[in-house]
2 protein chains.
Amino acid sequence: MCVLAILDQADGYAYDIVTKLAGGVEMSEGTIYPLMRRLQNDELVTTYLAESEQGPPRKYYRLTAQGRRELQKLKAEWRAFVADVEKILGEDNE
Amino acid sequence: MCVLAILDQADGYAYDIVTKLAGGVEMSEGTIYPLMRRLQNDELVTTYLAESEQGPPRKYYRLTAQGRRELQKLKAEWRAFVADVEKILGEDNE
DNA sequence: CAAGGTACCTTGTGATGCAAGATAGATTTT
DNA sequence: AAAATCTATCTTGCATCACAAGGTACCTTG
């Protein structure tokens, strides 16, 4: 969901998502590359190559319309989940 | 974390946690029993048997002092995590 | 030319959630 | 009284997936 949300703002490439964009929500390279392939298989993103000024060409990912719909759905599920957890956590406290 | 939070309010047994207490955050029996053993191994809970009015005796779990500390720690981590995710989700939108 | 940064990717291991089934006591139904 | 259902415990096997570690290759800088 976080990767989809990031790509919703601007196209991006895996290495960048891992290193910079994910500040608090950390992810390693061993996670992102299989994940991106899954997103591609599910047709939530498309991909295109673009030259980089330094290093090898980058594989950019762009959200599809289906990806945007999926993101909205995941967001709604996420917020419902957070509400449920907070209901359990906050039953007396804090 | 949710199981610890539930046990923080009152001692409980696995079957009950799975069926009733977890309304939104669902969990199956194949999950809870190994989980309770892990919590026990980590000394976050202690256990005792109590007769039931119907069915076999119940194995109740009680939070230890360490369990309470762990819960506080997990809660803080959870809330930081939610904040980080919301920061990613809400970078432009609603 | 060696070192380090950028960027891609794969393999193997470990954790863990769940469906499915086993066991067994108590109650309810037929 | 036998059968079914509910309570409650637990195990086994499968699938998912995150990550560490390693590999490849390009480009820049010392």
Side-chain angles (χ1 to χ4, degrees), chain A residues 1-7 10-62 70 74 77-78 80-82 84-85 88, chain B residues 1-7 10-62 70 74 77-78 80-82 84-85 88:
Chain A
M1 178 184 67
C2 287
V3 170
L4 293 180
I6 286 166
L7 293 180
D11 293 3
Y13 54 101
Y15 188 81
D16 195 51
I17 292 171
V18 162
T19 55
K20 293 204 264 303
L21 293 175
V25 181
E26 288 174 44
M27 200 181 337
S28 80
E29 293 184 30
T31 303
I32 192 79
Y33 288 104
L35 171 60
M36 294 320 294
R37 189 163 321 127
R38 265 178 276 147
L39 294 180
Q40 212 177 331
N41 286 342
D42 295 347
E43 295 177 36
L44 305 181
V45 300
T46 54
T47 188
Y48 58 94
L49 286 176
E51 291 297 322
S52 158
E53 282 161 18
Q54 47 179 5
R58 297 166 178 164
K59 187 184 275 184
Y60 279 86
Y61 295 91
R62 186 203 311 274
E70 183 67 13
L74 289 173
E77 286 174 3
W78 159 255
F81 177 74
V82 170
D84 285 335
V85 170
I88 292 172
Chain B
M1 177 184 67
C2 288
V3 170
L4 293 179
I6 286 166
L7 294 179
D11 292 2
Y13 55 102
Y15 187 81
D16 195 50
I17 292 171
V18 161
T19 54
K20 293 205 265 304
L21 294 176
V25 182
E26 288 174 44
M27 200 182 334
S28 81
E29 293 184 26
T31 303
I32 192 80
Y33 288 103
L35 170 61
M36 295 318 295
R37 189 161 323 126
R38 264 179 278 147
L39 294 181
Q40 212 176 332
N41 285 343
D42 294 348
E43 295 177 35
L44 305 180
V45 301
T46 54
T47 188
Y48 58 94
L49 284 175
E51 291 298 321
S52 158
E53 282 162 15
Q54 46 182 6
R58 298 166 177 165
K59 186 184 278 186
Y60 279 85
Y61 296 91
R62 187 204 311 274
E70 183 67 13
L74 290 173
E77 286 174 3
W78 159 256
F81 176 74
V82 170
D84 285 335
V85 171
I88 292 172

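Values below: every heavy atom of this structure, side chains too, minus hydrogens, waters and symmetry copies. All values derive from a computational prediction rather than experimental measurement. A, B, ... follow the sequence lines: proteins, then strands. Residue 1 opens every chain.
The minimum heavy-atom distance between A/Y13 and A/Y61, with the atom names listed, is CA-CD1, 4.4 Å. Looking at every heavy atom in both residues, B/I32 comes nearest to B/M27 through CD1-SD, 3.8 Å. In this structure, A/E29 and A/P34 approach most closely via the heavy-atom pair O-CD, 4.2 Å. Here the closest heavy-atom approach between residue A/I88 and residue B/A5 is recorded as CG2-CB, 4.1 Å.
Mapping A/T31 and A/R58 onto DNA chain C via the closest heavy atom, the residue that lands nearer the 5' end is A/R58. Along DNA chain D, the nucleotide nearest to B/K59 and the one nearest to A/S28 differ in position, and the one closer to the 5' end is contacted by B/K59.
In this structure, of C/dC9, D/dC19, D/dT9, it is C/dC9 that holds the atom nearest to the side chain of A/Y33.
The shortest side-chain heavy-atom distance between B/E70 and B/L4 falls under the 4.5 Å cut-off. The closest side-chain heavy-atom distance from A/R58 to A/Y15 is not below 4.5 Å. A heavy-atom distance below 4.5 Å is not found between the side chains of A/V18 and A/S28.
In this structure, B/Y13 does not reach the D/dT9 phosphate: none of its side-chain N or O atoms is under 4.0 Å from OP1 or OP2. OP1 or OP2 of C/dC8 has not a single side-chain nitrogen or oxygen of A/Y15 nearer than 4.0 Å.
Across residues 37-48 of chain A, A/R38 each have a non-hydrogen atom less than 4.0 Å from an atom of DNA chain D (numbered order).
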Identify the pairs formed between an N or O of the protein and an N or O of nucleotides 22-26 of chain C at a distance under 3.5 Å, and give each distance.
| residue | atom | partner | partner atom | Å |
| --- | --- | --- | --- | --- |
| C/dA26 | O4' | B/G55 | N | 3.4 |

Return a table of donor-acceptor pairs under 3.5 angstrom between the side chains of residues 35-49 of chain A and protein atoms on other chains or two or more places apart.
| residue | atom | partner | partner atom | Å |
| --- | --- | --- | --- | --- |
| A/T47 | OG1 | A/Y60 | O | 2.9 |
| A/Y48 | OH | A/D11 | OD2 | 2.6 |

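In this entry the distance linking CD of A/E26 with C1' of D/dA18 reads 13 Å, nearest Å.
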